[in-house]
Amino acid sequence: MGDFNIETVRSQFPALAAEDQILFDNAGGSQTLGTVIESIRDYLLRSNVQLGATYKTGKLATERYNAGFEAGARYVNAEVPEIVFGSSTTQLFRNVSFTLDFAEGDEIVVSSIDHETNIAPWVDLARAQKLVLKWWTPTLPPPSASPATTTTNTNVNPQLLPSNLTPLLSPRTRLVACTHASNVLGTIHPIAEIAAAVRAGPAPDALVVVDGVSYAPHRPVDVKALDVDVYAFSWYKVYGPHIAMLYASERARGVMRSLGHFFKKGDTLEEKVGLAGASYELLHSIPLVTSYLNHSSSSSFWPLARSQEELLQKTLLTYLTSRPDVTIYGHASFDPAVRVSTISFRVAGYDSKDVVAIAENNADMEVGIRWGAFYSERLVKELLGMTDDGIVRASMVHYNTVDEVNKFIEVMEKHVPKK
């Protein structure tokens with residue numbers, strides 16, 4: 001991909017041809033590349049047989065399956081035995097949790113501002129094995145007023161940092177779980193620095209487990225540079241099919257028992273935790289996704305996509321911060337070094353669900369945004385103190401346009417005025 005031509009980009013996503021909708025719900029799932037859609041169809045037409053056979057179609061199926069693994073591993077700078085595909089990130093984290101065996105009294109540290117997919121498995125593990133569960137909860141500055149009544153624009157941005165992690169570490173720490181980017185706040189956490197803090201701490205072999213679901217659609221991933229032990233994300237949020245991928249380091253694989261059949265050696269992560277969970281036709285499409293992303297951060301795609309997203313979030317955040325009745329959750333800065341283009345907010349005097357209803361019903365184009373907690377219940381309800389109404393979330397990616405953002409702003413100005 002050379003110069004970033006937004007029309008050329010959008011033409012590669014068939015769903016974007018519709019002219020009556022603005023899709024700002026990308027954190028829940030991106031649109032799918034046309035090449036991916038065609039590759040899934042082609043697999044089912046030409047190679048829909050069991051793997052491992054020696055007849056021609058069987059060989060083709062196996063080649064395509066292997067190519068998917070190779071593309072996925074290469075994309076995150078891993079080796080094929082270090083990755084596994086599955087139905088969802090939620091399922092893959094849960095599978096990993098079933099493989100671990102710690103001693104009673106050992107400790108695990110779990111971020112309380114994560115999506116529940118990277119919380120529930122470790123809470124259950126702690127309960128089952130009588131581990132000490134330590135919550136990693138960033139502190140918030142005291143609010144100047146209630147978000148529901150404030151007339152002064154505020155910014156609430158709890159962050160996971162080495163400084164608020166290290167007091168929780170001890171010689172008995174066995175696992176630290178956190179998110180790379182919050183699916184609510186959009187904040188990017190310094191994962192390499194967090195991993196370094198664990199390595200320099202009293203338990204350097206503790207496993208660093210990272211949910212990359214909300215980061216991967218916006219930036220390239222290099223698991224070796226991050227020095228993490230487990231990293232997972234879902235390709236259906238990275239312009240591909242509904243399939244997830246998880247990486248595990250040698251350190252992690254060394255303490256994981258195999259969930260596979262007894263006659264499998266368990267030499268690969270797939271044999272340990274895959275449980276035949278990877279749909280073949282979806283796996284076949286992964287090379288088409290990585291081809292679109294150009295495989296590496298040195299290619300032209302990511303800098304151009306990052307610049308486009310910076311423009312989108314600058315446009316929306318500039319508007320939201322200009323309104324004294326809006327509270328932003330996450331960085332108010334549009335700097336792409338500190339946030340991705342997932343933007344959450346509340347408007348004083350309005351329920352979040354009502355803001356969404358207005359956006360859906362009062363635009364020339366339907367604006368697809370969402371309200372709620374987005375499976376980050378502990379963050380939204382416990383830390384931020386909200387009800388089921390939660391926040392309004394507008395989540396954009398590189399194929400969205402400034403014109404779409406401006407149309408959303410027009411709806412806000414006209415139909416969600418300050419009360």
Side-chain angles (χ1 to χ4, degrees), residues 22-29 111-117 119 137-138 140-141 143-160 179 181-189 211 213-215 217-218 237 312-313 316-334 338-360 367-397 400 405 408-409 411-412 415-416 418-419:
I22 295 173
L23 296 172
F24 282 177
D25 188 28
N26 295 287
S111 158
S112 64
I113 70 170
D114 275 41
H115 187 290
E116 194 66 15
T117 193
I119 295 179
T137 303
L140 293 176
S144 57
S146 166
T149 60
T150 182
T151 57
T152 301
N153 184 282
T154 58
N155 172 220
V156 182
N157 186 37
Q159 298 181 69
L160 302 174
T179 185
S182 169
N183 73 314
V184 169
L185 307 171
T187 302
I188 298 173
H189 298 118
D211 175 357
V213 170
S214 296
Y215 180 86
H218 306 279
K237 299 187 180 185
L312 297 172
Q313 63 196 35
L316 183 53
L317 285 168
T318 298
Y319 168 71
L320 293 175
T321 56
S322 75
R323 289 187 56 157
D325 60 335
V326 169
T327 298
I328 296 169
Y329 296 90
H331 274 288
S333 169
F334 55 81
V338 300
R339 67 142 50 247
V340 298
S341 47
T342 297
I343 298 171
S344 296
F345 62 95
R346 283 185 64 91
V347 183
Y350 293 87
D351 288 341
S352 294
K353 62 182 178 181
D354 292 338
V355 174
V356 170
I358 290 168
E360 291 173 345
V367 182
I369 56 174
R370 298 283 294 276
W371 62 273
F374 305 99
Y375 294 89
S376 292
E377 303 278 325
R378 301 173 199 267
L379 165 62
V380 173
K381 295 183 179 179
E382 296 177 15
L383 183 58
L384 301 181
M386 297 183 188
T387 64
D388 290 343
D389 189 55
I391 49 87
V392 179
R393 186 179 73 178
S395 52
M396 304 165 290
V397 292
N400 288 120
V405 178
F408 176 50
I409 291 172
V411 171
M412 292 289 293
H415 300 288
V416 190
K418 181 181 175 181
K419 289 187 175 180

Return yes when atom OH of Y319 has more than 12 non-hydrogen atoms of other residues, nucleotides or ligands closer than 6.0 Å, and no otherwise. yes

Ring geometry between F24 and F408 (parallel below 30°, tilted from 30 to 60°, perpendicular above 60°): perpendicular

To the nearest 0.5 Å, how far apart are CG in D351 and CG in D389? 4.5 Å

Nearest 0.5 Å, please: how far is CD1 in I369 from CE in M412? 7.5 Å

Interatomic distance, Q159 atom CD to H189 atom NE2 [nearest 0.5 angstrom]: 6.0 Å

Identify the two heavy atoms, one from T342 and one from S395, that lie closest to each other, and give their separation to 0.1 Å. OG1-CB, 3.9 Å

Between the main-chain N or O of R378 and the side-chain N or O of S112, is there a donor-acceptor pair closer than 3.5 Å? no

Residues that D388 engages under side-chain contact (heavy atoms from CB on, under 4.5 Å), provided they are two or more places apart: K381

So, do V416 and V411 sit near enough that their side-chain heavy atoms are less than 4.5 Å apart? no

Between T187 and G330, the two heavy atoms sitting closest are OG1-CA, 3.9 Å

Considering all heavy atoms, the nearest D114-I119 contact: O-CD1, 3.5 Å

Non-hydrogen atoms of S214 and V340 that approach each other most closely: O-CG2, 4.0 Å

Are the side chains of V213 and H115 in contact, using a 4.5 Å heavy-atom criterion? no

CG on N183 to CD1 on I113, rounded to 0.5 Å: 10.0 Å

Interatomic distance, L185 atom CG to S376 atom OG [nearest 0.5 angstrom]: 8.0 Å

Do T137 and L383 have side-chain heavy atoms sitting under 4.5 Å apart? yes

Ignoring hydrogens, what is the shortest heavy-atom contact between F334 and Q313? Give both atom names and the distance. O-NE2, 2.8 Å

V397 side chain reached by K237 side chain, heavy atoms, under 4.5 Å: no

D325 versus K419: any side-chain heavy-atom pair under 4.5 Å? no

Checking N400 against N26: is there a side-chain donor and acceptor pair closer than 3.5 Å? yes

For residues R339 and N157, determine if any side-chain heavy atom of one lies less than 4.5 Å from a side-chain heavy atom of the other. no

A394 and L316 have their tightest heavy-atom pair at CB-CD2, 4.1 Å

May I ask you to check whether R346 and S352 show a side-chain donor-acceptor distance below 3.5 Å? yes

Using atom types as modelled and distance alone, determine if a side-chain donor or acceptor of E116 lies under 3.5 Å from a backbone N or O of Y375. no

Does the side chain of V356 reach to within under 4.5 Å of the side chain of V392, using non-hydrogen atoms? yes

Between CD1 on residue I328 and OG on residue S344, distance to nearest 0.5 Å: 10.0 Å

Does a side-chain heavy-atom distance below 4.5 Å link I188 with V338? no

